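What follows is a set of notes on a single structure, which appears directly below.
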Amino acid sequence: MDCLFCKIVAGDIPSKKIHETDDLIVIEDINPQAPVHLLIISKEHFLNLNDCEDPALMGKYLAAASTVAKKLRIAESGFRTVINTNAEGGQVVYHLHIHVMGGRQLKGQMG
Ligand code: 5GP
Ligand code: ZN
């Protein structure tokens with residue numbers, strides 16, 4: 001399948017990986033919108049939230065946000081998690097991922 005994040009998960013495209021479990025990887029976003037901007041990426045290919053109806057897996061993806069926030073020491077100061085779904089949600093890469101942003105005062109809808 002021709003999917004950018006599947007290739008990153010497989011290691012065929014390099015990324016700065018900061019965390020990994022059996023179910024997900026966490027990498028630095030290539031175009032960071034904040035001093036810390038991470039992407040929690042599912043190892044399994046789901047298009048987006050509409051395509052993943054497994055609450056246990058979704059829970060693992062979401063729980064990884066505070067794990068990596070603590071690892072990068074932005075858990076106490078605060079961070080934002082964003083999941084874009086389909087065109088009007090601003091989704092560009094159609095492989096499920098959660099943005100984790102922090103390290104500065106975020107403002108407005110997306111900071
Ligand atoms: P979306 O709008 O789909 O929620 O966000 C996709 C994100 O993936 C964007 O923030 C974009 O900067 C990031 N991105 C796109 N291509 C790459 C890549 O090749 N490597 C990394 N690390 N991030 C990428
Ligand atoms: Zn994929």
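Order of listing sets the numbers, starting from 1, for every ligand and every atom in it. Fair warning: this is a prediction, and the values are worked out from it, not measured in the lab.
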Q: Report the name of the N/O/S atom of His45 located nearest to the Zn ion (ligand 2).
A: ND1
Q) Tell me, do Phe5 and Ile13 make a side-chain contact under 4.5 Å, heavy atoms counted? A) no
Q | Any His99 heavy atom less than 4.0 Å from ligand 1 | A | yes
**Q.** His37, any N or O under 3.5 Å of ligand 1 N or O
**A.** no
Q.
Quick one: does any side-chain atom of Glu88 pair with a main-chain N or O of Asn86 as donor and acceptor, under 3.5 Å?
A. no
Q: Would you check whether Gln91 has a nitrogen or oxygen atom less than 3.5 angstrom from a nitrogen or oxygen atom of ligand 1?
A: no
Q. Does any N/O atom on Asn84 come nearer than 3.5 Å to any N/O atom on ligand 1?
A. yes
Q: Identify, for atom 16 (N) of ligand 1, the protein heavy atom at the shortest distance, and state residue, atom and that distance.
A: Leu4 CD2, 3.3 Å
(Q) Taking 4.0 Å as the limit for heavy-atom contacts, which would you say applies to Ile8 with ligand 1: side chain only, backbone only, both, or neither? (A) side chain
Q.
Closer than 4.0 Å to some heavy atom of Asn31 - which atoms of ligand 1 meet that?
A. 12 (O)
(Q) Taking side-chain contact (heavy atoms from CB on, under 4.5 Å) as the criterion, tell me which of Ile25, Ile27, Val26, Ile40 meets it with His19. (A) Val26
Q: Side-chain contact test, heavy atoms from C-beta onward, threshold under 4.5 Å: evaluate it for Tyr94 versus Cys3 and give yes or no.
A: no
Q) What residue and atom, counting heavy atoms only, is the protein's closest point to atom 22 (N) of ligand 1, and at what distance? A) Glu28 O, 2.9 Å
Q. Which bit of Lys16 is near ligand 1, meaning a heavy atom under 4.0 Å away: side chain, backbone, both or neither?
A. neither
Q: Output the atom name for the N/O/S atom of His95 with the smallest distance to the Zn ion (ligand 2).
A: ND1
Q: With the side chain counted from C-beta on, respond yes when His99 and His37 share a heavy-atom pair under 4.5 Å apart, and no when they do not.
A: yes
Q) Would you find a donor on one side and an acceptor on the other, under 3.5 Å apart, between the side chain of Asn48 and the backbone of Asn50? A) yes
Q | Selected option - heavy-atom contact closest to atom 7 (C) of ligand 1, from Asp29, Asn48, Leu38 | A | Asp29
Q | Atom NZ of Lys43: over 12 foreign heavy atoms under 6.0 Å | A | yes
Q) Would you say the side chain of Lys60 lies within less than 4.5 Å of the side chain of Thr21, judging by non-hydrogen atoms? A) no
Q) Is there any N or O on Val92 that sits under 3.5 Å from an N or O of ligand 1? A) yes
Q) Nearest protein heavy atom to atom 6 (C) of ligand 1, by residue and atom, and its distance? A) His97 NE2, 3.6 Å
Q: State plainly whether one hydrophobic cluster holds both Val68 and Ile98, where clusters connect Ile, Leu, Val, Met, Phe, Trp and Tyr through side-chain heavy atoms under 4.5 angstrom apart.
A: yes
Q. For Gly90 and ligand 1, does the shortest N/O to N/O distance drop below 3.5 Å?
A. yes
**Q.** Sidechain-backbone polar pair: His95 side chain, Val93 backbone, donor-acceptor under 3.5 Å
**A.** no
Q) Closest non-hydrogen protein atom to atom 8 (O) of ligand 1, residue and atom name please, with distance? A) Phe5 CZ, 3.6 Å
Q. For atom NZ of Lys71, is the number of surrounding heavy atoms from other residues, nucleotides or ligands below 6.0 Å larger than 12?
A. yes
Q) If you measure every N/O of Ile30 against every N/O of ligand 1, is any gap under 3.5 Å? A) yes
Q: Under 4.0 Å from a heavy atom of Val93: give me the atoms of ligand 1 that qualify, with their elements.
A: 3 (O), 6 (C)
Q. If only atom types and distance count, is the side chain of Gln91 paired as donor or acceptor with the main-chain N or O of Leu96 below 3.5 Å?
A. no
Q) Which is it for Ile27 and ligand 1 at heavy atoms under 4.0 Å: side chain, backbone, both or neither? A) side chain
